[in-house]
Trainee: 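What follows is a structure written as structure tokens; I'll ask about it next.
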Amino acid sequence: MRIATWNVNSLNVRLPRVEEWIGYAHPDVLCLQETKLADTAFPGFAFEALGYQSVHHGGGRWNGVAILSRMPISDVVYGFCEGLEADPDARLVSATCGGVRVSSVYVPNGRSLGSEHYAYKLSWLDRLRRHLEATADARTPVAVCGDFNVAPEDRDVWNPARFVGSTHVSEPERAALAHLQAWGLEDAFRLRHQEDRLYTYWDYRAGDFHQHRGMRIDLVLVSRPMAEKVTYALVDRFARKGKLPSDHAPLLVDFED
DNA sequence: ATGGTCGAGTATCGA
């Protein structure tokens with residue numbers, strides 16, 4: 001099974017690139033973030049034509065997440081499960097695809113340390129853990145895929161010194177991500193790659209992509225039984241090049257059947 | 001010179 005995740009930064013603009021990418025990457029499951037679409041505007045028929053069922057959670061303008069699957073989708077949950085404080089933003093959708101409990105997540109950016117947006121980001125990550133605790137079934141493997149807006153370690157940013165005092169690298173954000181992983185999730189990409197200078201996001205500004213100034217903030221986190229089956233992982237930098245690219249590249253991970 | 005670009009929508013704001 002091939003599972004992929006991609007922050008597309010407007011699916012309206014990116015649909016041709018997403019269709020092109022599906023055409024050569026052939027993911028079995030593709031999680032999308034920042035569709036920036038209302039549910040009524042989601043191009044589900046375009047994906048159906050490519051052989052995918054899909055589910056979308058969006059409010060238009062900002063945020064918006066989706067899951068595409070070649071296998072039937074079931075048990076869809078929009079946002080956090082019952083019992084948790086509802087999220088005003090559309091940042092999470094979960095569904096079972098081919099026997100895997102998949103979540104597409106778009107963690108809040110945080111904007112600046114100490115801001116209310118930063119506090120929202122930390123509480124959001126805590127709620128995501130409680131969502132997993134409340135909804136997971138011990139027999140079903142879990143894959144939490146998306147834009148976490150946290151670089152797990154210093155080797156995941158192009159210049160740690162430049163990020164001191166910034167979001168994405170602060171100790172509380174990394175602790176919140178580590179707490180989420182402590183529930184029982186492995187960083188699938190790191191199981192196959194230990195090198196630094198491997199990123200998933202590059203700012204559009206200042207030629208950052210061509211200067212290799214990026215961050216690894218998009219992750220596929222998987223539970224133990226899936227972690228043992230990872231055979232291959234890749235950030236497709238080709239998809240960050242060319243005409244009208246997203247500022248994120250897709251991350252794909254392969255699992256043995 | 002401490003910016004630089006996108007995408008939302010149409011003035012700025014968010015990333």
Trainee: Take the protein atom CH2 of A:W62 and the nucleotide atom C1' of B:dC13, then report the distance between them rounded to whole Å.
Mentor: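 Going from A:W62 (CH2) to B:dC13 (C1'), I get 7 Å.
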Trainee: Take the protein atom CG of A:D203 and the nucleotide atom P of B:dA15, then report the distance between them rounded to whole Å.
Mentor: 13 Å
Trainee: Distance check, P atoms only: B:dG7 and B:dA1, in whole angstrom units.
Mentor: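 Roughly 31 Å separates the two P atoms.
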Trainee: With the side chain of A:N9 defined as its heavy atoms from C-beta on, choose the nearest nucleotide among B:dA15, B:dG7, B:dA8.
Mentor: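 For A:N9, the side-chain atoms sit closest to B:dG7.
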Trainee: Say you pick atom C1' in B:dT2 and the same atom in B:dA8; how far apart are they, in whole Å?
Mentor: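 After rounding to an integer number of Å, I get 26 Å for this pair.
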Trainee: Any base atoms under 4.0 Å from A:R14, or only sugar-phosphate, or nothing? Heavy atoms, all strands.
Mentor: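 It contacts sugar-phosphate atoms only.
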Trainee: Would A:R216 pass as a cation-pi partner of A:Y199, given that its NZ or CZ must be under 6.0 Å from the six-membered ring centre and within 45 degrees of the axis?
Mentor: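 A:R216 over A:Y199 ring: no.
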Trainee: Minimum heavy-atom separation for A:T96 to A:R101, with atom names?
Mentor: OG1-NH1, 2.9 Å
Trainee: For nucleotides B:dG4 and B:dG9, find the distance between their C1' atoms and express it as a whole number of Å.
Mentor: 22 Å
Trainee: Taking only the side-chain heavy atoms of A:K36 (C-beta and beyond), determine which of B:dA15, B:dA8, B:dC6 contains the nearest atom.
Mentor: B:dA8
Trainee: Of A:S10 and A:G207, whose closest DNA chain B nucleotide lies nearer the 5' terminus?
Mentor: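 Looking at DNA chain B, the more 5' nearest nucleotide goes with A:G207.
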Trainee: Would you indicate whether A:E82, at its atom CD, is surrounded by more than 12 heavy atoms from other residues, nucleotides or ligands within a distance under 6.0 Å?
Mentor: no
Trainee: So, do A:H131 and A:R127 sit near enough that their side-chain heavy atoms are less than 4.5 Å apart?
Mentor: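 No, too far: nothing below the 4.5 Å cut-off.
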Trainee: May I have the distance from A:R111 (atom CZ) to B:dA15 (atom C1'), rounded to whole angstrom?
Mentor: 9 Å
Trainee: So if I take every side-chain heavy atom of A:R61 and compare against B:dG9, B:dG7, B:dA15, which nucleotide ends up nearest?
Mentor: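 Given the options B:dG9, B:dG7, B:dA15, the side chain of A:R61 is closest to B:dG9.
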Trainee: Rounded to whole angstrom units, what separation is found between the CD atom of A:E34 and the P atom of B:dA8?
Mentor: 10 Å
Trainee: In this structure, how many angstroms lie between the P atom of B:dC6 and the CG atom of A:N7, rounded?
Mentor: 16 Å
Trainee: In whole angstrom, give the distance that lies between atom OH of A:Y201 and atom P of B:dG7.
Mentor: 13 Å
Trainee: Could you give the CZ-to-C1' distance, from A:R162 to B:dG3, as a whole number of Å?
Mentor: 11 Å
Trainee: Atom CG of A:D247 and atom P of B:dA15: how far apart are they, to the nearest Å?
Mentor: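 Rounded to whole Å, this separation is 12 Å.
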Trainee: For the CG atom of A:L185 and the CZ atom of A:R224, what is their distance to the nearest 0.5 Å?
Mentor: 10.5 Å
